[in-house]
Protein chains: 2
Amino acid sequence: MIREGVLKPGERLPSERLLAEQLQVGRSSVREAIRSLELRGLVVSKRGSGTFIATDDLGSMVSLIASTLDGGSESLKDIFEMRHLLEPQIAAVAAQRATQAEIEDLSEILSDQDRQISDGGSGVDADTAFHFALASATHNSALVKVVSAVEDILHQSRDQSMQAPGRASRSLASHRRILQMVRAGDGDGARRAMEHHLTVVEPANIAAHHDGAGTVSESQETHGLHGLRPLEETDGG
Amino acid sequence: MIREGVLKPGERLPSERLLAEQLQVGRSSVREAIRSLELRGLVVSKRGSGTFIATDDLGSMVSLIASTLDGGSESLKDIFEMRHLLEPQIAAVAAQRATQAEIEDLSEILSDQDRQISDGGSGVDADTAFHFALASATHNSALVKVVSAVEDILHQSRDQSMQAPGRASRSLASHRRILQMVRAGDGDGARRAMEHHLTVVEPANIAAHHDGAGTVSESQETHGLHGLRPLEETDGG
DNA sequence: GTTTGTCAAGTGGTCAGACCAATTTCGGAT
DNA sequence: ATCCGAAATTGGTCTGACCACTTGACAAAC
């Protein structure tokens, strides 16, 4: 429909009223179309200003994938498994492609994690950030999106299971090992390090394989889905 | 905010007008909210009938992820790469978990593919179906969704590049090899077979990493990786 | 000349009412 | 009991209006 015209990022769309007139449809329909694009993260609307082609706006895409992937607590183990299949591969690719800046970025994140743990925190934020930064280092936008969505979903559940003493520091240690491999450009080593990380440090949260029914608690309904109300984004573009 | 009331699949929501009255907001806003839920695949609206909680509706979720993942021609190689990282793993998991029924299903699909090719077709539909069925055999809904989205995106581009003579039959052959491994419950073998399939049969479509395979229009290709190494890991699993 | 305050125009967000098309519901005719 | 058709209901769209906000231009003050 609207995609025909190839528009550059940041460019402003015609106003809803003008668009409605040009397309000979009501403004409601135009709004609905724009809204759908906005929910897809392709476009951002700003009251009083206009509607613009999204620059990269990773966040909205990620949350969109996350909400789609998150089918309730039942699928949490599926998410974990996908991560276990994907992230070691990502670590390997990242090890081969990471730039110096990205490596420093990762290093910085680990320092943060260290600091957080020293302050008595769980370090989950830095933990998530590490996985995200690692995915970014693959220079593969699709991977970044999927991994971000996965990490997003797992973020909350991790917050609780991270409480176990020793886990935080072990997580940091294996993160360091991964970074070391990335720094060395050792894809295979990075893969193994990530595998170890996921197997030893992370997985206990859910554990359950695919045999039994639900060892999952349905009270864990804490996903950050936006409900009926459209969220207002204070995007400072 | 609809989340509060736990609604069962298939249940009908209050009408837009009623909802608007109850929430003390305009019908437009209600519609917009419902639309956002519909785009997320959580709900389906039927004119004259009502709005219902989506049952499972894999399709809409998949197309949603696909649209989010599909950032234009620039990201096509990213999609390919993600597939290359993910599908061998999926094949391995599927080999370990596939039920007899699912194996027969896969076998059936290959028969279809054979038939399509004999009729002079490219067999892309059966091809996509195979990958989807394989993902389903993992019994992991998250994997199914992501793989489906990936296959969905690649479906069209594959349609064109599948024209090359010999490709279709080679695809079928390597599919057969994968199925054989799945049937044997050989996860590692399935992984390798899928890797071979993706490396030898599929990837040429886009190819153009940095050695210029030329089947891609030049203007589209300028955006991607500048000096990135192609991943060439023979995965010593 | 530069800065500041003010205001008009434009924009997306919302609301209200109306009509359309598809569907369901239900009463009456058979 | 079955069939048919009118009426009610529902989502989809259109129209017009108002609000909150942003922007940009213009005049006033420095």
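Naming convention: chains lettered A, B, ... in sequence-line order (proteins, then strands); numbering from 1 in each chain. No hydrogens, no waters, no symmetry mates; every other heavy atom, side chains included, goes into these values. Owing to the predicted nature of the structure, the values given are computational and were not obtained by experimental measurement.
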What is the distance, to the nearest angstrom, from the [atom1] atom on [X] to the [atom2] atom on [N]?
X	N	atom1	atom2	result
A:Glu21	C:dT11	CD	P	12 Å
B:Ile34	D:dT10	CD1	P	12 Å
B:Phe52	C:dT24	CZ	C1'	10 Å
B:Leu19	C:dT14	CG	P	15 Å
B:Glu16	D:dT10	CD	P	10 Å
A:Arg47	D:dC21	CZ	P	6 Å
B:Lys46	D:dG11	NZ	P	13 Å
A:Leu18	C:dT11	CG	P	8 Å

- Query: With A:Arg47, which residues qualify under side-chain contact (heavy atoms from CB on, under 4.5 Å), at least two apart?
  - Reply: none
- Please name all residues satisfying side-chain contact (heavy atoms from CB on, under 4.5 Å) with B:Ser136, sequence neighbours left out, ordered by chain then number. B:Phe132, B:Val144
- Secondary-structure stems, DNA chain D, at least 3 Watson-Crick or G-U base pairs under 3.5 Å: C:1-30 with D:1-30
- Task: Check salt bridge (charged side-chain N to carboxylate O under 4.0 Å, His left out) between B:Asp114 and all other residues, then give those that pass, not counting sequence neighbours.
- Result: B:Arg176
[N], OP1 or OP2 - any side-chain N/O from [X] closer than 4.0 Å?
X	N	value
B:Arg31	D:dG12	yes
A:Ser15	C:dT11	yes
A:Ser49	C:dT11	no

- Item | Which nucleotide in C:dT24, C:dT14, C:dT11 has an atom nearest any side-chain atom of B:Glu32 | C:dT14
- Message: Using the side-chain heavy atoms of B:Arg35, tell me which of these nucleotides is nearest: D:dT13, D:dG11, C:dT14.
- Response: D:dT13
- Query: Do the rings of B:His175 and B:Phe130 sit parallel, tilted or perpendicular, given the 30° and 60° boundaries?
  - Reply: parallel
- Take B:Arg83 and B:Glu151 through the side chain to side chain contact (heavy atoms under 4.5 Å, CB included) test and state the conclusion after the steps. CA-CA 8 Å; B:Arg83 184 164 84 127; B:Glu151 292 295 328; 3.0 Å; yes
Short heteroatom pairs, N/O only, protein and nucleotides 15-18 of chain C, under 3.5 Å:
from	atom 1	to	atom 2	distance (Å)
C:dC15	OP2	B:Gly26	N	2.9
C:dC15	OP2	B:Ser29	OG	2.2
C:dC15	O5'	B:Gly26	N	3.1
C:dA18	N6	B:Arg27	NH1	3.2

- Message: With salt bridge (charged side-chain N to carboxylate O under 4.0 Å, His left out) as the rule and sequence neighbours excluded, what pairs involving residues 16-27 of chain A come up?
- Response: A:Glu16-A:Arg27, A:Glu16-A:Arg31
- Task: Starting at CD of B:Gln113, measure out to CD of B:Glu108 and round the result to the nearest 0.5 Å.
- Result: 13.0 Å
- Note on the structure: Looking only at heavy atoms, the pair that brings B:Asn140 and A:Met82 closest together is ND2-N, 4.2 Å
- If every non-hydrogen atom of A:Ala94 is compared with every non-hydrogen atom of A:Val182, which pair is closest and at what distance? O-CG1, 4.1 Å
